[in-house]
Amino acid sequence: MYIINGIAYAGESVNGIEIEKVDALGDMILLLTFNTGEKRLYDATALLEYPAFKPLENEEVFNAAKVEYGTIVWLDGDIDIAPETLYKNSFAYQEAIII
């Protein structure tokens, strides 16, 4: 566990990792761009088992994901996920180059 700005997070801190951009792709998948330049895919379906994330079942709410202070938030910050968690539980993504 670690604490940033008075908020306790589970796991270990990945120093300085932040989200720069988020795109909701549908089917509870987010395409995340980190401040490292990496793009990663995050499947948010597992979050729905937790009551705090139930509002994300609504596609409009889920698709309204935005970046605030380096992490992803929904509903004006009522729901958020630490960037370290997003990084740890996401998968590398490479864009196809079409010639």
Quick check: do [X] and [Y] have side-chain heavy atoms less than 4.5 Å from each other?
| X | Y | result |
| --- | --- | --- |
| Ile72 | Leu32 | yes |
| Tyr69 | Asp80 | no |
| Met28 | Leu56 | yes |
| Leu75 | Val61 | yes |
| Glu57 | Leu48 | yes |

[X], [Y]: one ILVMFWY side-chain cluster at the under-4.5 Å cut-off?
| X | Y | result |
| --- | --- | --- |
| Leu25 | Tyr93 | yes |
| Leu86 | Val73 | no |
| Ile29 | Ile79 | no |

Looking at [X], I want to see if its [atom1] is surrounded by more than 12 non-hydrogen atoms of other residues, nucleotides or ligands under 6.0 Å.
| X | atom1 | value |
| --- | --- | --- |
| Asp78 | CG | yes |
| Glu59 | CD | no |
| Glu49 | CD | yes |

### Query
Minimum heavy-atom separation for Trp74 to Phe62, with atom names?
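Answer, listing the atom of Trp74 first, then Phe62: NE1-O, 2.9 Å.
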### Query
Which atom pair, heavy atoms only, marks the closest approach of Thr36 to Ile17?
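For Thr36 versus Ile17, the nearest heavy atoms are CG2-CD1, 4.1 Å.
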Interatomic distance, [X] atom [atom1] to [Y] atom [atom2] [nearest 0.5 angstrom]:
| X | Y | atom1 | atom2 | value |
| --- | --- | --- | --- | --- |
| Glu84 | Ile19 | CD | CD1 | 9.0 Å |
| Tyr42 | Asn89 | OH | CG | 5.5 Å |
| Lys21 | Leu31 | NZ | CG | 7.5 Å |
| Glu20 | Glu38 | CD | CD | 11.5 Å |
| Thr85 | Leu47 | OG1 | CG | 9.5 Å |

#### Entry: Parallel, tilted or perpendicular: rings of Phe34 and Tyr87 (30°, 60°)
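Plane angle over 60°, so perpendicular.
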### Query
Is the backbone N or O of Ala24 less than 3.5 Å from a side-chain atom of Asn63, with the two atoms forming a donor-acceptor pair by type?
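Not at all, since once roles are kept as given, no pair shorter than 3.5 Å links the two residues.
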